[in-house]
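In what follows, chains are A, B, ... by sequence order, proteins preceding strands, each numbered from 1. Every value quoted in this text rests on a predicted model; they were computed, and no experiment measured them.
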Number of protein chains: 2
Amino acid sequence: MLDKDEVKEAIVSVARHIFSRFGFRKTTMDEIAIASRKGKSSIYYYFASKEEIFQAVVEKEAEIFKQELIKATNPNDTPAQKLKTHVLVRMRSMEKLANFYSAIKDDFLGHLDFIEKIRKKYDQEEIQMMESILVEGVENGMFEIDDTSLAAIAIVTALKGMEIPLFWGVEEKDLESRLDHLIHILFHGVMKH
Amino acid sequence: MLDKDEVKEAIVSVARHIFSRFGFRKTTMDEIAIASRKGKSSIYYYFASKEEIFQAVVEKEAEIFKQELIKATNPNDTPAQKLKTHVLVRMRSMEKLANFYSAIKDDFLGHLDFIEKIRKKYDQEEIQMMESILVEGVENGMFEIDDTSLAAIAIVTALKGMEIPLFWGVEEKDLESRLDHLIHILFHGVMKH
DNA sequence: ATTTATTTCGACTAATTTCGTCGAATAGTC
DNA sequence: GACTATTCGACGAAATTAGTCGAAATAAAT
């Protein structure tokens with residue numbers, strides 16, 4: 001017999017696909033069921049509601065996002081290299097998510113409070129990652145920062161600011177050059193001279 | 001005051017955009033209204049129903065398609081050139097429509113009989129265009145065809161067959177080579193030797 | 001084999017969404 | 001001011017959809 005979790009995984013994967021195309025509101029349970037080759041009631045055997053499926057999808061996206069950041073981190077890199085890699089990988093991963101987020105951006109999702117929770121949790125984790133890079137840089141004398149905690153928050157916040165144009169379809173070239181600028185500014189504002 | 005037809009045009013244009021993204025079923029009148037910066041009732045002032053808007057969109061697509069074929073026709077070309085141009089322009093225009101058709105392909109549109117009517121009308125017109133090319137070719141001795149009417153139907157039918165892979169996402173390279181083959185076959189089966 | 005637990009599904013209902021209507025309000029014209 | 005053209009909010013009817021329930025089917029356990 002197939003493991004229950006595997007079935008759930010499969011449903012989430014199918015649902016992610018449909019949510020990416022039609023957003024939350026326009027995606028129906030019947031569509032998810034049919035695409036999963038199941039009856040609608042069978043879907044409810046695994047998930048209590050449409051929101052619960054959506055939550056699983058969002059959590060999976062967030063987890064993949066985090067893993068990509070971790071995977072890209074080479075422990076042997078200098079802190080400066082780590083910082084640059086982090087920024088670049090972050091944007092590349094975000095681009096992959098852009099479809100998904102632009103599909104759901106018109107749905108009113110304010111009533112789904114788990115989204116805010118997930119966002120905060122992963123925010124926190126990314127800030128931790130960033131801070132440990134900064135701390136390492138300070139320790140080996142490469143960076144010069146008074147309050148690494150505040151600096152980490154500031155940098156992550158700045159990076160998040162750069163997501164926004166992704167979802168509103170700003171020209172990519174413009175985006176790349178902005179990214180270069182940001183990296184440049186980060187480095188020359190942060191490197192010991 | 002703005003002309004009534006201009007407002008209708010604007011609504012059709014907005015609607016085309018939304019239909020392309022969500023298909024017929026998932027597109028709501030409210031969305032069309034909001035995107036047109038109007039109340040929903042105002043839309044009904046110009047169109048009697050959602051179907052009527054959709055019909056206008058389909059007719060516009062068909063008309064643009066036809067105009068592109070006409071525009072691409074250079075009267076000074078040889079019939080052989082005209083035939084080749086027709087085939088190429090047809091596929092290029094079809095590619096532009098592929099989004100629209102793949103968006104609505106999952107909706108059950110069998111109950112909208114005007115679609116069939118429009119299709120038939122433009123079918124007829126394209127066959128006429130094709131036949132006049134063939135006739136011209138026969139008259140100046142370039143082509144050798146017994147029944148140009150039947151031949152025109154056969155060729156247009158073959159071309160329509162090549163639309164299908166467009167909507168199901170076959171590899172483009174494969175498509176291009178198929179197109180080359182078709183043109184090649186058409187010519188060497190049709191040119192007087 | 002029989003019982004028990006797991007999984008699927010069709011049919012149904014309640015809640016929501018959406019179409020389309022109507023009458024009133026607003027703006028533009030004579 | 002009267003008259004027409006246009007917009008809109010509120011509403012009911014119809015359709016769609018989320019979620020339930022019990023029964024059927026399938027697999028596991030005894």
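In this structure, B/Tyr46 atom OH and C/dC19 atom P are separated by 19 Å, rounded to whole Å. Rounded to an integer number of Å, the gap from CD of A/Glu51 to P of D/dT17 is 17 Å. Protein atom OH of B/Tyr44 is 18 Å distant from nucleotide atom P of D/dC11, rounded to whole Å. Rounded to whole angstrom, the span from the CD1 atom of B/Ile32 across to the P atom of C/dT18 amounts to 12 Å. The distance from atom CG of A/Asp5 to atom P of C/dT6 is 14 Å, rounded to the nearest whole Å. We find that NZ of B/Lys38 is positioned 21 Å from P of C/dA25, with the value rounded to whole Å. Nucleotide C/dA14 holds its P atom 21 Å from the NZ atom of A/Lys50, rounded to whole Å. Atoms OH (A/Tyr45) and P (C/dA5) sit 12 Å apart, rounded to a whole Å.
B/Gln67 and B/Glu63 form a side-chain donor-acceptor contact under 3.5 Å, judged by distance and modelled atom types alone.
Between A/Phe19 and A/Phe24, the ring-plane angle classifies as parallel under the 30° and 60° cut-offs.
In summary, of the residues considered (B/Glu126, B/Glu125, B/Glu61), a side-chain hydrogen bond (donor to acceptor under 3.5 Å, both in side chains) with B/Lys66 occurs for B/Glu125 alone.
Of the candidates D/dC8, D/dT6, C/dC19, the closest approach to any side-chain atom of B/Thr28 belongs to C/dC19.
Qualifying salt bridge (Lys or Arg N to Asp or Glu O under 4.0 Å) partners for A/Glu51, counting only residues two or more places apart in sequence or in other chains: none.
The side chain of B/Ser41 places no N or O atom within less than 4.0 Å of a non-bridging phosphate oxygen (OP1 or OP2) of D/dG9.
Residue contacts for A/Ser36: at a heavy-atom cut-off of 4.0 Å it reaches no nucleic acid atom on any strand shown.
Each of A/Lys40 and A/Arg25 was matched to the nucleotide of DNA chain C holding its nearest heavy atom; the match closer to the 5' end belongs to A/Lys40.
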